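Scroll down for the structure; my scribbles are underneath it.
Residue numbers start at 1 and run along the sequence shown. Remember, it's a predicted structure, so these values are computed and weren't measured experimentally.
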Amino acid sequence: MTDAHGTDSRDRRRFLAVAAGAMTVTSLVPDRIARAGLILDRPVQLARYEQPDSAAFVKQIDAGLLNVGYLEAGPIDGPAVVLLHGWPYDIHSFDEVTPHLALAGFRVVVPYARGYGSTKFLSSETFRTGQPSALALDTVCLMDALNIKQAIVAGFDWGARTADILGAFWPDRVSGIVSVSGYLIGSQAAGRQPLPPKAELQWWYQYYFATERGREGYRKYRREFAELIWRLASPSWNFDAATFARSAAAFENSDHVDIVIHNYRWRLGLAQGDPSLDALEARLADAPRVVVPAITLEGDDNGAPHPDPAAYAKKFTGSYVHRLVKGGIGHNLPQEAPKAFAEAVIDVSKG
């Protein structure tokens, strides 16, 4: 039996189980016995589904300013892929993408962004900035910590913006990117420019967050807020309570509110950024081109603010393809259409 997106339900259960690291492994290549959480080596045979909760398999590593929580799957010597989530989502957006890529031979790394899940700052004195350049540097530092010399970087929402930045400024570290909603590199100067009223309406939460009432409202009602955003951004996605609860747990991070509020206030020029990032932000303000191979994706039912693909096509100067994913697919494209997202990663890996 297949679902609306053509995924066999048995494969879906198997993929979720592998992503959670909860499959019984009946056969493994000798000398690589997956002792580190989700690292599996080929050939493997996967037996019955046992447990859907991946939280127990989150690893931790010091990387730059952070102790990063992340999931890892696939052969340790496979080509690396880093999957990046956005707001208000978490690593579970890639629950079905991860095993698809792992079984295709990729080493897959899925980190919690700063302010989410088990990712913590190493120092209480570190500026809790949510500006885009900081998240990009977090990803480079994580790659360094994991000894990943080069990777495909794929993401949506904040994660797509990070992928764009890395594809523009770190082409030696990034072999290709997959970016949902295309080119999202922005600046404070661009953020100050008014939009037509209909477009401004879509950013209502950004203006809410600009107030202290908004900060306190998000702190008090962050779960309710996130669920509302999920429904507005993906109006055709019928997620259940358990699916939302798995991701909502990541918002209990003690730095979550500060990071989210700073991200949106910084965009409007209402909050100062980290001075150490000024030079990088100045370069980003020039809207640099993405020079590595890229595939951009858009769902046909994305209720979140997003640019027209024609407006950003020329920003990608490497090999480039744009794909519209149909079937009532909203903003959280990796979770709503995991096969299409995974296929884009595999295709961009071919250059």
Side-chain angles (χ1 to χ4, degrees), residues 70-86 91 93-94 96-111 113 132-133 135-185 283-284 287-299 306-307 309 312-325 333-335 337-351:
Y70 67 101
L71 290 177
E72 191 169 25
I76 192 68
D77 56 353
V81 178
V82 181
L83 303 178
L84 303 173
H85 69 82
I91 61 175
S93 289
F94 302 103
E96 296 188 53
V97 174
T98 297
H100 191 108
L101 295 175
L103 292 172
F106 292 90
R107 176 189 182 186
V108 187
V109 176
V110 193
S133 58
L135 277 83
L137 285 171
D138 289 346
T139 306
V140 175
C141 289
L142 176 61
M143 291 172 62
D144 288 344
L146 294 174
N147 196 30
I148 295 174
K149 303 302 183 185
Q150 192 175 59
I152 294 167
V153 181
F156 72 107
D157 198 84
W158 291 13
R161 183 174 288 106
T162 297
D164 290 336
I165 293 172
L166 294 175
F169 285 165
W170 282 275
D172 57 323
R173 304 298 302 276
V174 179
S175 57
I177 71 165
V178 173
S179 174
V180 176
S181 296
Y183 186 87
L184 299 177
I185 296 175
R283 294 174 63 199
L284 291 173
R289 287 177 167 81
V290 176
V291 299
V292 300
I295 294 177
T296 58
L297 302 172
E298 191 60 80
H306 60 279
Y312 56 69
K314 292 183 179 179
K315 286 296 184 181
F316 297 91
T317 59
S319 61
Y320 172 65
V321 175
H322 176 74
R323 296 175 180 173
L324 177 65
V325 184
L333 194 149
Q335 198 161 359
K339 183 177 179 181
F341 192 88
E343 286 176 349
V345 172
I346 292 169
D347 290 346
V348 85
S349 73
K350 302 171 185 176

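From Ile295, atom CD1 reaches atom OG of Ser179 across 11.5 Å, with rounding to the nearest 0.5 Å. Annotation: the span from Asp164 atom CG to Ile185 atom CD1 amounts to 5.0 Å, rounded to 0.5 Å. From Leu103, atom CG reaches atom OG1 of Thr98 across 10.5 Å, with rounding to the nearest 0.5 Å. Atom CZ of Arg283 sits about 11.0 Å away from atom CD1 of Ile165, to the nearest 0.5 Å.
Here the closest heavy-atom approach between residue Ala151 and residue Val82 is recorded as CB-CG2, 4.1 Å. Nearest approach of Pro334 to Phe156, heavy atoms of both residues: CG-CD2, 3.6 Å. When every heavy atom of Val348 is checked against every heavy atom of Ile152, the shortest pair comes out as CG1-CG2, 3.8 Å. Taking every heavy atom of both residues into account, Val345 and Ala154 meet most closely at CG2-CB, 3.9 Å. Minimum heavy-atom separation, Ile177 to Ala163: CG2-O, 3.5 Å. For the pair Ala160 and Leu184, the tightest heavy-atom approach, listed with the atom from each and the gap, is CB-CD1, 3.7 Å.
Within the 4.5 Å cutoff, no side-chain heavy atoms of Val292 are placed close to those of Gln150. Ile76 is listed as a side-chain neighbour of Arg107, based on a closest heavy-atom distance under 4.5 Å. Taking 4.5 Å as the limit, some side-chain heavy atom of Tyr312 sits within range of a side-chain heavy atom of His322. By the 4.5 Å heavy-atom criterion applied to side chains, Val108 and Pro99 are not counted as neighbours. At least one side-chain heavy atom of Leu284 sits less than 4.5 Å from a side-chain heavy atom of Ser133. Put simply, the side chain of Val110 reaches to within 4.5 Å of the side chain of Phe94, judged on heavy atoms.
In terms of the salt bridge (Lys or Arg N to Asp or Glu O under 4.0 Å) criterion, residue partners of Arg323 (sequence neighbours excluded) are, by chain and number, Asp347.
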Practice task
Would you check, one step at a time, whether the test side-chain contact (heavy atoms from CB on, under 4.5 Å) holds for Val325 with Phe341?
Solution key: CA-CA 9 Å; Val325 184; Phe341 192 88; over 6 Å; no

Practice task
Verify side-chain contact (heavy atoms from CB on, under 4.5 Å) between Asp157 and Val180, making sure each step is shown before the conclusion.
Solution key: CA-CA 7 Å; Asp157 198 84; Val180 176; over 6 Å; no

Practice task
Step by step, work out the side-chain contact (heavy atoms from CB on, under 4.5 Å) result for Leu166 and Val140.
Solution key: CA-CA 8 Å; Leu166 294 175; Val140 175; 3.5 Å; yes

Using a 3.5 Å cut-off and no angle test, enumerate the donor-acceptor pairs between side-chain atoms of residues 169-176 and protein atoms at least two apart in sequence or in another chain.
| from | atom 1 | to | atom 2 | distance (Å) |
| --- | --- | --- | --- | --- |
| Arg173 | NE | Lys149 | O | 2.8 |
| Arg173 | NH1 | Asp144 | OD1 | 2.9 |
| Arg173 | NH2 | Asp144 | OD1 | 2.9 |
| Arg173 | NH2 | Ile148 | O | 2.8 |

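One N or O on the side chain of Ser319 and one on the backbone of Gly351 form a donor-acceptor pair closer than 3.5 Å. Under the 3.5 Å distance criterion, the side-chain polar atoms of His100 are left unmatched by any main-chain donor or acceptor of Lys339. Lys315 contributes no side-chain N or O that, together with a main-chain N or O of Gly182, makes up a donor-acceptor pair within less than 3.5 Å.
With Pro111 as reference, Leu84 is the one residue of Leu84, Ile91, Leu71 to meet the side-chain contact (heavy atoms from CB on, under 4.5 Å) rule.
Residues Tyr320 and Thr296 have side chains that bring a donor and an acceptor to within less than 3.5 angstrom of each other.
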